[in-house]
Asks: 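One structure coming up, written as structure tokens, with questions to follow.
These numbers were taken from a predicted model, which means no experiment stands behind them. Below, all heavy atoms of this structure are taken into account, side chains as well, without hydrogens, waters or symmetry copies. Below, chains carry the letters A, B, ... as their sequence lines are ordered, and counting in each starts from 1.
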Protein chains: 2
Amino acid sequence: MAEGLQPQMGQSLLFLTDEQLRKGIEAMFFAYRGFTADPDRILAQKSYGRAHHRAIHFIHRSPGTTVNNLLSILGVTKQSLNRVLRTLIEDGLVASTVGKKDKRERHLHLTPLGAALERELSDAQRDRMRAAYRAAGPAAVAGFRQVLEAMMDDEARHHYEAMKDRPE
Amino acid sequence: MAEGLQPQMGQSLLFLTDEQLRKGIEAMFFAYRGFTADPDRILAQKSYGRAHHRAIHFIHRSPGTTVNNLLSILGVTKQSLNRVLRTLIEDGLVASTVGKKDKRERHLHLTPLGAALERELSDAQRDRMRAAYRAAGPAAVAGFRQVLEAMMDDEARHHYEAMKDRPE
DNA sequence: TTGGAATGTCAACAAAGCTGACGTATTGTG
DNA sequence: CACAATACGTCAGCTTTGTTGACATTCCAA
């Protein structure tokens with residue numbers, strides 16, 4: 001039966017075979033490890049972890065964001081985020097200011113110190129990303145982004161698109 | 001200066017801007033969460049974790065693999081892997097047999113029970129992958145794979161390619 | 001003024017990684 | 001043969017990062 005189907009499929013559907021899907025799964029696993037390796041090395045020296053990196057990244061990306069908003073972007077519990085945020089505030093990397101309109105909210109910003117670490121981390125991560133982009137070329141990059149977007153949950157895609165194409 | 005460079009770049013290098021690279025970084029973050037979400041839900045019910053999934057996946061993929069080989073694929077310490085492997089063996093999902101040629105080695109196989117869980121997990125993960133592939137199309141999938149491969153560490157790429165295009 | 005939303009904090013716990021040390025087979029080598 | 005190296009397992013202890021649940025505070029809005 002499998003032999004009978006194969007020739008009918010044509011090559012247009014060959015990328016949907018179990019084997020191709022499994023290779024995609026493995027590619028995600030191995031690539032994600034590379035993706036986090038460089039920042040992880042920097043973070044380990046400063047006794048921070050990936051959770052700190054994520055908080056710093058998205059605070060940089062959305063300056064003045066509230067704790068609740070950051071919570072829904074990161075998809076963790078407030079207790080988990082709070083622990084990370086507390087150390088970043090204590091260490092002077094993040095500033096937390098009471099909201100003007102709604103004083104319950106805290107608005108988060110990177111301090112100059114925090115911005116420096118953000119730059120160090122994202123430089124390292126972008127170096128690898130740049131090398132991968134350059135090696136693969138623009139067409140591959142477009143496909144890469146398309147597949148990743150299609151892989152996201154609706155909520156994640158919403159956050160992702162909300163941050164799309166911001167001016168630097 | 002930035003304004004001066006922009007027109008000279010041409011659109012062929014537009015995918016290497018900081019903004020594009022940052023979007024790639026965020027796409028990886030959000031997509032990876034989606035990528036693991038479905039198996040995670042199944043695993044949580046059975047009180048297993050992602051580490052168990054990874055072990056099961058690669059034992060399925062390379063039946064009879066040794067502990068050492070699995071170790072280098074997964075990139076964790078033997079203590080960490082051992083904890084996971086022990087529960088899988090105790091629960092009857094994985095069989096460990098003494099090597100014939102080298103009796104120090106243990107060869108790992110999935111039992112029928114282990115194979116059933118593997119199928120359940122990979123079905124869930126492949127469903128999402130298939131949907132993403134279908135939505136993005138064959139050309140995008142090729143680019144996706146290219147970029148991910150370029151993002152891997154050399155050692156990871158080696159493992160990845162060693163498992164390439166196995167017959168099912 | 002009272003209910004609910006946003007925030008913060010305490011405690012307890014689990015998954016999954018790490019280091020270091022040690023024991024036991026087994027194998028390869030001088 | 002003797003000894004070093006390899007493969008594996010295990011004990012103990014620690015870290016990061018996630019989870020629940022409970023509870024207090026502050027503040028907005030009906």
Side-chain angles (χ1 to χ4, degrees), chain A residues 29 32-33 36-37 39-59 64-91 94-108 121, chain B residues 29 32-33 36-37 39-59 64-91 94-109:
Chain A
F29 170 69
Y32 199 79
R33 223 169 47 187
T36 57
D40 279 357
R41 268 188 287 272
I42 295 169
L43 290 157
Q45 291 172 351
K46 310 191 192 296
S47 60
Y48 290 134
R50 240 176 249 181
H52 300 86
H53 184 190
R54 292 198 279 259
I56 288 172
H57 175 99
F58 286 110
I59 293 171
T65 184
T66 64
V67 173
N68 243 15
N69 183 46
L70 197 52
L71 231 41
S72 81
I73 291 172
L74 295 174
V76 297
T77 59
K78 63 177 179 173
Q79 293 90 333
S80 198
L81 175 59
N82 188 257
R83 181 173 31 201
V84 166
L85 231 38
R86 194 177 2 177
T87 72
L88 291 176
I89 292 169
E90 279 170 5
D91 295 355
V94 167
S96 167
T97 60
V98 174
K100 280 194 172 174
K101 192 186 169 190
D102 186 338
K103 290 175 190 166
R104 291 167 302 181
E105 294 181 341
R106 301 298 136 90
H107 296 288
L108 304 170
L121 291 170
Chain B
F29 169 69
Y32 198 79
R33 223 168 46 187
T36 57
D40 279 358
R41 268 187 288 272
I42 295 168
L43 289 158
Q45 291 170 351
K46 310 192 193 292
S47 60
Y48 289 133
R50 241 175 248 181
H52 299 85
H53 184 189
R54 293 198 277 259
I56 287 173
H57 175 98
F58 286 109
I59 293 171
T65 184
T66 64
V67 174
N68 245 10
N69 183 46
L70 197 53
L71 232 41
S72 81
I73 291 173
L74 295 174
V76 298
T77 59
K78 63 174 181 175
Q79 293 91 330
S80 200
L81 175 59
N82 187 257
R83 181 173 30 199
V84 166
L85 229 38
R86 192 173 13 181
T87 71
L88 291 176
I89 292 170
E90 279 171 5
D91 295 355
V94 167
S96 166
T97 60
V98 174
K100 280 195 175 175
K101 193 185 168 189
D102 187 336
K103 290 175 189 165
R104 289 169 304 180
E105 295 181 338
R106 301 298 136 89
H107 297 289
L108 304 170
H109 294 268

Asks: What integer distance in Å separates B:Lys101:NZ from D:dT6:P?
Replies: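 Answer to the nearest Å: 16 Å.
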Asks: Could you pick out which residue, B:Leu85 or A:Val98, lies toward the 5' side of DNA chain D when each is mapped onto its nearest nucleotide?
Replies: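 That would be B:Leu85.
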Asks: Send over the distance from B:Leu43 CG to C:dA14 P, rounded to a whole Å.
Replies: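 Rounding to the nearest Å, CG of B:Leu43 and P of C:dA14 are 18 Å apart.
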Asks: Just wondering, do B:Ile59 and B:Ile56 contact through their side chains at under 4.5 Å, heavy atoms?
Replies: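 No; the side chains remain at least 4.5 Å from each other.
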Asks: How close or far is atom C1' of D:dT10 from atom CD of B:Glu90, stated in whole angstroms?
Replies: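 Between C1' of D:dT10 and CD of B:Glu90: 13 Å.
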Asks: Is any side-chain N or O of B:Asn82 closer than 4.0 Å to OP1 or OP2 of D:dC8?
Replies: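 Checking B:Asn82 against D:dC8: no side-chain N or O falls below 4.0 Å of OP1 or OP2.
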Asks: Report all interatomic pairs (protein N or O, nucleotide N or O of nucleotides 15-22 of chain D) with separations under 3.5 Å.
Replies:
{"unit_1": "D:dT17", "atom_1": "OP1", "unit_2": "A:Arg50", "atom_2": "N", "d": "2.6"}
{"unit_1": "D:dT17", "atom_1": "OP1", "unit_2": "A:Ala51", "atom_2": "N", "d": "3.1"}
{"unit_1": "D:dT17", "atom_1": "OP2", "unit_2": "A:His52", "atom_2": "ND1", "d": "3.3"}
{"unit_1": "D:dG18", "atom_1": "OP1", "unit_2": "A:Arg54", "atom_2": "NH2", "d": "2.5"}
{"unit_1": "D:dG18", "atom_1": "O5'", "unit_2": "A:Ser80", "atom_2": "OG", "d": "3.3"}
{"unit_1": "D:dG18", "atom_1": "N7", "unit_2": "A:Arg83", "atom_2": "NH2", "d": "2.4"}
{"unit_1": "D:dG18", "atom_1": "O6", "unit_2": "A:Arg83", "atom_2": "NH1", "d": "3.3"}
{"unit_1": "D:dT19", "atom_1": "OP2", "unit_2": "A:Thr77", "atom_2": "N", "d": "2.6"}
{"unit_1": "D:dT19", "atom_1": "OP2", "unit_2": "A:Thr77", "atom_2": "OG1", "d": "2.8"}
{"unit_1": "D:dG21", "atom_1": "O6", "unit_2": "A:Gln79", "atom_2": "NE2", "d": "3.1"}

Asks: When the distance from CG of B:Asn69 to C1' of D:dT6 is rounded to whole Å, what number comes out?
Replies: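 Atom-to-atom, B:Asn69 to D:dT6, this comes out as 15 Å.
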Asks: For a 4.5 angstrom cut-off between non-hydrogen side-chain atoms, does A:Val98 reach A:Arg106?
Replies: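 Yes, their side chains come closer than 4.5 Å.
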Asks: Whole Å only: how far is the CG atom of A:Leu70 from the C1' atom of C:dG8?
Replies: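 These atoms are roughly 15 Å apart.
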Asks: Taking the side chain from A:Arg50 and the backbone from A:Pro39, do they hold a donor-acceptor pair closer than 3.5 Å?
Replies: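 Flag not set: sc A:Arg50 to bb A:Pro39 has no pair under 3.5 Å.
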Asks: Please state whether the rings of B:Tyr32 and A:Tyr32 are parallel, tilted or perpendicular, taking 30° and 60° as the class boundaries.
Replies: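 Answer is parallel, since the angle falls under 30°.
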Asks: How many whole angstroms separate atom CD1 of B:Ile89 from atom C1' of D:dT10?
Replies: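 Spelled out: CD1 on B:Ile89 to C1' on D:dT10 is 13 Å.
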Asks: Using a 4.0 Å heavy-atom cut-off, write out nucleotides 1-6 of chain C from 5' to 3' as B (base contacted by protein), S (sugar-phosphate only) or - (no contact).
Replies: ---BBS
Asks: Taking the six-membered ring for Trp, are A:His57 and A:His53 parallel (under 30°), tilted (30 to 60°) or perpendicular (over 60°)?
Replies: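 Plane angle over 60°, so perpendicular.
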Asks: Report the distance from atom NZ of B:Lys100 to atom P of C:dT27, rounded to the nearest whole Å.
Replies: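 Rounded to whole Å, this separation is 14 Å.
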Asks: So A:Thr87 and A:Tyr48, do their side chains get closer than 4.5 Å, heavy atoms only?
Replies: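 Counting from C-beta outward, A:Tyr48 and A:Thr87 do come under 4.5 Å.
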Asks: In this structure, how many angstroms lie between the P atom of C:dA16 and the CG atom of B:Leu88, rounded?
Replies: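 B:Leu88 atom CG is separated from C:dA16 atom P by 10 Å.
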Asks: Flag the pair B:Thr65 / B:Phe58 as yes when at least one side-chain heavy-atom distance between them is below 4.5 Å, and no otherwise.
Replies: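 No, side chains not in contact.
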Asks: Given A:Leu108, which of A:Thr97, A:Leu85, A:Thr66 fulfils the side-chain contact (heavy atoms from CB on, under 4.5 Å) condition?
Replies: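 That would be A:Leu85.
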Asks: Hey, does B:Leu88 have a side-chain heavy atom less than 4.5 Å from the side chain of B:His52?
Replies: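 Side-chain contact under 4.5 Å: yes.
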